[in-house]
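Data first, discussion second: the structure below is written as C-alpha cells.
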Amino acid sequence: MDPLSRRQMLAATAAGSLLTTTALAQAQSGGAIPQPQRPGRGGSDPGPRNLARDQQNPDILVPPSTDHGSLPNLRFSFSDAHMRLETGGWTRQVTRRELGIATALAGVNMRLNAGGVRELHWHKASEWAYMLNGTARITAVDPDGRYFVDDVGVGDLWFFPSGTPHSIQGLGPDGCEFLLVFDDGDFDEDNTFMINDWFKHIPNEVLGKNFGVSASVFGHTPEESDRYIFPAPLPGPLSSESIRGANPVETSYTWRLMAQEPTRTKGGTVRVNDSRLFPINTTTAAALIEVNPGAMRELHWHPNGDEWLYVIEGQARMGVFAGQGQARTFDLTAGDVGYVPAAMGHYLENTGPGPFRFLETFKSRYFVDVSLDTWMASTPPELVEAHLNLPKEVMDGLRKTKALVVPE
C-alpha cells in the first residue's frame, strides 16, 4: 500500500498522530492507509490510531504469515526514552525497565556539548562505548594508580572495567555524542558513584585527615545535581595532559575500530572486536556491521550470550525464532535498540534505500555466532535432505564458510 505523502505525515505528527475516523477518511484521498490485513486475513482499522507508528512498524501491523506465538517485545527506541537535560549536555537510557527482556545488557545514549564534562565517576558494571559524533577526551586511572588520557572520534571505542574511575569531556567545535553499553540489564545511569556526591557525604574532619590538611578547607563542594554533566573550560592539547610524577597505564582503554580491516562480502562489511584484539575489554564483545540495500545479516544465532543491538543508520526488519513454533518480526530504524536472547535464531534484512549500519554487542569476552547455512553445508547432505527435502540448487549452493552478510 502506498504511504501517505510526507506533508500529510507531518500534519498527522503535528496533530499528535492520533487520527479519528474522519481524519483517516480525509487522508485517504492522498494515498492508501496501511491496514492490518492481508488476503483472507484481518480487516481495516477505522481508528482512532497512531498512523505514524503504524507506518514505522509494517511488520507489526501486518506480521509475516510465518510469525507465530507470544514472544515478548524485542525492540525499544531511544526516542521513547526519558531525556535527562543538564547544563553540559543530555543523556537517556534503555535498560530492563524500558525493555523488559533485556536482562544482560543496558545502553545509554549521551551528548556532551563542547567543554561539557561527564563528572569523575565509576560503576559496578563495565562500560563499553562507541563514538557516534564529534570528539571527546577521556581519562581513567587503573588500580595501581597509573593514568590514561586519550582523545576519541567517530568510530572509536573505549572500555572501562568495573570500578575504573573515569571521565569524559566533549571537545570543540561541537562536543560529541556516543553510545555506552553496560554488562547489566538493571544498570541505572542515575545511580553511579560520583566524586562530587561522595565528597558531600564525608565529614570534613575525615576529609582533612585523609588529605593531610585542615578540615576547615572543606565544606564548599558544589551540589551533586550541578555536576552530573556540566560545562568546563576546554582542555589543552593531548600532549599537555601527562601527569607529572605518575606512570601511564600499560594497556590502552581505547581502540580505533574504523582503522580495523573489515570482513568484506558483496552484501556488506563486518568489523568484529573483542578481547582478542582489544585486551582490556574482557566483558563486551561487539561487531559493527554494514548491510547494503537488499542484503541481510545471514540466518544465525549466538550460543554464548544475549545480543543487544543498536541501529546507527538506515532501516531493517529483524526476524527472531525462539523455538517451539515461536517467531516474531520487528522493524528497526536509526536510534532503535533490538534484543535477541541467547541461542535464538534471527536475521536482519535491509529494507531501506541506503546502507543499514548497526552494532551487535554481547556480554562475553569473545564474539561467537553460528551460521545456519554453514551448519547445513558441514553436515552430511543426505541427512540434511532427509530433514528438509531441499532441491539440488539449494544443497549445491550451501557455503562452508560463514558469509555473515548475504548475498556474498
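For the numbers below, each heavy atom of this structure counts, side chains included, while hydrogens, waters and symmetry mates do not. Just so you know, residue 1 is the first one in the sequence shown, and it goes up from there.
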From Thr361 atom OG1 to Asn273 atom CG, the distance as rounded to the nearest 0.5 Å: 12.0 Å

Of all pairs that satisfy ring pair (Phe, Tyr, Trp, His ring centres under 6.0 Å), the ones with a partner from residues 87-114, not counting sequence neighbours: none

When you measure from the side chain of [X] to the backbone N and O of [Y], does any donor-acceptor pair fall under 3.5 Å?
| X | Y | result |
| --- | --- | --- |
| Asp144 | Arg146 | no |
| Asp156 | Met131 | no |
| Gln260 | Val272 | yes |
| Ser44 | Pro46 | no |
| Asn292 | Lys266 | yes |

Can you tell me how the ring of Phe362 sits relative to the ring of His302, calling it parallel under 30°, perpendicular over 60° and tilted otherwise? tilted

Mind telling me whether Phe187 and Phe182 have parallel, tilted or perpendicular rings, with 30° and 60° as the class edges? parallel

Evaluate side chain to side chain donor-acceptor pair (under 3.5 Å) for Ser167 paired with Thr139, printing each intermediate quantity in order. CA-CA 5 Å; Ser167 70; Thr139 73; 2.6 Å; yes

Where do Val94 and Phe78 land on the side-chain contact (heavy atoms from CB on, under 4.5 Å) test, with the steps shown first? CA-CA 7 Å; Val94 175; Phe78 267 108; 3.6 Å; yes

Are a donor atom and an acceptor atom from the side chains of Asp67 and Thr329 found within less than 3.5 Å of each other? yes

Determine whether the aromatic ring centres of residues Trp308 and Trp128 are separated by less than 6.0 angstrom. no

Do [X] and [Y] sit within salt-bridge range, that is, some charged N less than 4.0 Å from a carboxylate O?
| X | Y | answer |
| --- | --- | --- |
| Glu298 | Lys402 | no |
| Asp369 | Arg297 | yes |
| Glu290 | Arg271 | no |
| Arg317 | Asp331 | no |

Which pair of non-hydrogen atoms, one from [X] and one from [Y], has the smallest distance, and what is that distance?
| X | Y | answer |
| --- | --- | --- |
| Pro355 | Asn350 | C-ND2, 3.7 Å |
| Thr87 | Phe230 | OG1-CA, 3.5 Å |
| Ser252 | Ile280 | O-CG2, 3.2 Å |

Please walk me through it: do Ile312 and Leu132 pass side-chain contact (heavy atoms from CB on, under 4.5 Å)? CA-CA 8 Å; Ile312 298 172; Leu132 295 165; 4.2 Å; yes

Pairs involving residues 375-387, ordered by first then second residue, that meet salt bridge (Lys or Arg N to Asp or Glu O under 4.0 Å) (sequence neighbours left out): none

Using residues 339-347 as the side-chain source, report each donor-acceptor pair under 3.5 Å to any protein atom, sequence neighbours left out, with the distance given to one decimal.
unit_1 : atom_1 : unit_2 : atom_2 : d
Tyr339 : OH     : Thr103 : N      : 3.4
Tyr339 : OH     : Ala104 : N      : 3.2
Tyr339 : OH     : Asp306 : OD2    : 2.5
His346 : ND1    : Met344 : O      : 2.9
His346 : NE2    : His300 : NE2    : 3.0
His346 : NE2    : Glu307 : OE1    : 2.9

Throw together a table of side-chain donor-acceptor distances under 3.5 angstrom for residues 112-126, partners on residues two or more places apart or in other chains.
unit_1 : atom_1 : unit_2 : atom_2 : d
Arg118 : NE     : Glu189 : OE2    : 3.2
Arg118 : NH2    : Thr192 : OG1    : 3.1
Glu119 : OE2    : Asn196 : N      : 2.7
His121 : ND1    : Glu119 : O      : 2.4
His121 : NE2    : His123 : NE2    : 3.2
His121 : NE2    : His166 : NE2    : 3.1
His123 : NE2    : Glu127 : OE1    : 2.8
Ser126 : OG     : Asp183 : OD1    : 3.3
Ser126 : OG     : Asp183 : OD2    : 3.0
Ser126 : OG     : Thr283 : OG1    : 2.7

Give the C-alpha distance, both sets of side-chain angles, the deciding distance and a yes or no for side-chain contact (heavy atoms from CB on, under 4.5 Å) between Leu348 and Val291. CA-CA 9 Å; Leu348 288 108; Val291 182; 6.0 Å; no

Less than 4.5 Å apart, side chain to side chain, heavy atoms only: is that true for Lys200 and Glu223? yes

Set out, in order, the CA-CA distance, both residues' side-chain angles and the distance that settles side-chain contact (heavy atoms from CB on, under 4.5 Å) for Ile168 and Trp158, then state yes or no. CA-CA 11 Å; Ile168 313 160; Trp158 72 75; 3.6 Å; yes

Can you list, pair by pair, the side-chain donor-acceptor contacts under 3.5 Å of residues 235-247, counting residues two or more places apart and other chains?
unit_1 : atom_1 : unit_2 : atom_2 : d
Ser240 : OG     : Pro237 : O      : 2.6
Glu241 : OE2    : Arg137 : NH1    : 3.1

Can you give me every donor-acceptor pair (side chain of residues 386-394, partner residue at least two apart or in another chain, under 3.5 Å) with its distance?
unit_1 : atom_1 : unit_2 : atom_2 : d
His387 : ND1    : Leu383 : O      : 2.8
Lys392 : NZ     : Asp396 : OD2    : 2.4

